[in-house]
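The first residue in the sequence is number 1, and the count goes up from there.
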Amino acid sequence: MTSRKHVCQIVPPYLMQRLNAGRLDQDNAFRVARAEHLTRVLAQIPAPEAGEATAEAGDWTVYTANNGTDLPGEKIRAAGDPESGDESVDEAATGITGSLALFEEVYGRDSYDGQGIEVVMTVHYDRDYANAFWDGTQLVFGDGDGEIFQRFTKAVDVIGHELSHAVTEHTAGLVYQGQPGALNESMSDVFGSCLKQRLLGQSADDADWIIGEGLFAETVQGVGLRHMLEPGTAYDDPTLGKDPQPAHMDDIYDGTDDNGGVHINSGIPNRAFALAAKAIGGNSWDGAGKIWYAALTNGAVTTDTDFAGFAAATIAEAGDQAEAVTTAWSEVGVTPASGTPAPDGEAPTVVKVRRSGGFLGRTKEGVAELAPSAAQVATVRDLVAGGAAPSKPKGADRYIYEFEVDGRTVVVHEGDMSPELRAVANELLES
């Protein structure tokens, strides 16, 4: 799969703007320059020869930027080396060792590309740099600003978060925009949290579900960057403001900031995962984690998959836990996309559409058996619940649609069709 490279950062732009108005501009300028640099460098790298050996699983190297911005910087420690005595270097080593073990031992994945590529990390990036990111080739960690944030290697789930961006890039390649981008962020929180819980030996019930615990300075009124189980409660601080993450689709952010809310709306799928993990029981990395990983990597999730599509993919992989996963998504207001089979023991709902009229006067019918929680079922049920009589046709030679669900029907003229109804009709008529 061709990977899509983008700089994925743990701290959202809306927080960086609050820390230092100039820091966000500096960060944006860096990302542009770094992307241009990467394009030039990658274009000069020859493709591997057939049969050429890849790096061994577990290979990693930690560099220091010595508070500069040149990457990767000075090599300090590699896999198998003793501790360096540099706190950030050794925390990065511990975090990446655990992260690679999680993906290899639990999910059978050999490094982030699945082929054992070496993981490159740089610590002590820039001065007072309050962020961590994956830039498409390596992981980078700042030391924090000393006022709001401490060093970013201190929270092991941050290291797992950034490596997981690399995994997503090399699998589904979810674009870093809108709902796919929020899923991209959520996948990193999911596996970052699984890593933290695995290293601590916690069950899903025992876990605190906090991302970035320990990053904040003592003066900050907050527990971490995000709270997966209770989005919107991670912090409420005079300087940072209140955690803006929604916990339900009713409150989804639909603006343009933060690439369409990738760090904000990730709270919705985050909560779905936490709820599913607790419902399934045991530990999260073996339970819900295996379902989420399978959904991410089995080909059903593509670059532009939204919440509904990802929900459907997880339910399809859930097996005996399909009911628990379906309920988790339902609790955050996400209805799985069409084509999702109903959980065992739950009868599917039949939805029909009949189109007549038009210039040729032809009639066409479509029918589908869908999960009762599918979005199409809800759309048609809402229509028939209104019980409205057909309106006067708008224009000549236009179609007339008759929808049926639960034994009830309603007629809608083409000129009165909502985009949602039109999408349902087209899908059923083409099936």
Side-chain angles (χ1 to χ4, degrees), residues 98-99 101-109 155-157 160-161 164 167-168 183 185-213 223-224 226-234 245-249 266-298 300-301 307-336 340-346 371-373:
S99 298
L102 169 69
F103 280 106
E104 182 170 12
E105 295 170 10
V106 180
Y107 309 125
R109 187 173 191 82
V156 71
D157 50 352
H161 176 105
S164 298
V167 173
T168 296
L183 281 172
E185 276 297 320
S186 179
M187 295 306 303
S188 284
D189 280 353
V190 161
F191 295 117
S193 188
C194 284
L195 166 66
K196 174 183 171 181
Q197 294 172 37
R198 188 173 192 240
L199 293 178
L200 293 175
Q202 294 177 332
S203 69
D205 282 331
D206 294 335
D208 61 20
W209 294 103
I210 295 168
I211 298 296
E213 180 190 18
V223 295
R226 291 180 282 280
H227 197 309
M228 294 183 67
L229 186 59
E230 300 174 3
T233 68
Q245 282 208 311
H248 194 278
M249 287 295 290
S266 60
I268 295 172
N270 274 2
R271 177 165 166 77
F273 177 81
L275 290 172
K278 287 171 66 68
I280 291 169
N283 65 64
S284 63
W285 60 91
D286 275 327
K290 284 186 175 179
I291 295 171
W292 258 242
Y293 178 79
L296 178 70
T297 59
N298 69 2
V301 176
F307 293 172
F310 190 77
T314 58
I315 293 167
E317 291 289 347
D320 293 341
Q321 302 298 338
E323 183 175 356
V325 175
T326 301
T327 299
W329 285 108
S330 177
E331 288 193 35
V332 300
V334 174
T335 301
T340 307
D344 291 343
E346 186 177 6
S373 57

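Using modelled atom types, no side-chain atom of Arg271 and backbone atom of Met228 make a donor-acceptor pair closer than 3.5 Å. When atom types are taken as modelled, the side chain of Lys196 and the backbone of Ile210 share a donor-acceptor pair closer than 3.5 angstrom.
Not counting sequence neighbours, Ser330 has no partner by the side-chain contact (heavy atoms from CB on, under 4.5 Å) test. Scanning for side-chain contact (heavy atoms from CB on, under 4.5 Å) contacts around Ser188 gives His161, Ser164, His165, with sequence neighbours left out. Among residues two or more places apart in sequence or in another chain, the ring pair (Phe, Tyr, Trp, His ring centres under 6.0 Å) test is passed with Trp285 by none.
Annotation: side chain of Val223 is not in contact with side chain of Glu213 (no heavy-atom distance under 4.5 Å). By the 4.5 Å heavy-atom criterion applied to side chains, Asn283 and Arg198 are not counted as neighbours. With a 4.5 Å cut-off on side-chain heavy atoms, Ile268 and Pro246 count as touching. The shortest side-chain heavy-atom distance between Trp292 and Pro269 does not fall under the 4.5 Å cut-off. Considering only heavy atoms from C-beta on, Leu195 stays 4.5 Å or farther from Phe103 through its side chain. Taking the side chain as every heavy atom from C-beta outward, Cys194 and Tyr293 never approach each other to under 4.5 Å.
Across all non-hydrogen atoms, the minimal contact from Ala155 to Gly212 is CB-CA, 4.0 Å. Residue Lys290 comes nearest to Val106 through the heavy atom pair CE-O, 3.7 Å, listed as atom of the first residue, atom of the second, then distance. Across every non-hydrogen atom of Gly224 and Ala234, the tightest pair is O-CB, 3.3 Å. Of all heavy-atom pairs spanning Ala204 and Ala277, the tightest one is CB-O, 3.6 Å. Smallest separation of non-hydrogen atoms from Asp208 and Gln202: N-OE1, 4.4 Å. Here the closest heavy-atom approach between residue Gly192 and residue Asp157 is recorded as O-CB, 3.2 Å.
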Fill in: Check against side chain to side chain contact (heavy atoms under 4.5 Å, CB included), Met249 and Val332
CA-CA 6 Å; Met249 287 295 290; Val332 300; 5.7 Å; no

Practice prompt. Starting from the C-alpha separation in whole Å, work towards a yes-or-no answer on side chain to side chain contact (heavy atoms under 4.5 Å, CB included) for Leu183 and Val301.
Written response: CA-CA 10 Å; Leu183 281 172; Val301 176; 5.8 Å; no

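The OG atom of Ser186 sits 9.5 Å away from atom CZ of Arg226, with the distance rounded to the nearest 0.5 Å. Taken to the nearest 0.5 Å, the OG1 atom of Thr314 stands 5.5 Å off from the CH2 atom of Trp329. Distance CH2/Trp209 to CZ/Phe273: 5.0 Å, rounded to 0.5 Å. Within the model, atoms OH of Tyr107 and CG of Leu102 stand 5.0 Å from one another, a figure rounded to the nearest 0.5 Å. Distance check, rounded to the nearest 0.5 Å: CD of Glu323 to CG of Asp320 gives 11.0 Å. Between the CD atom of Glu317 and the CG atom of Asn298 there is a distance of 4.5 Å, given to the nearest 0.5 Å.
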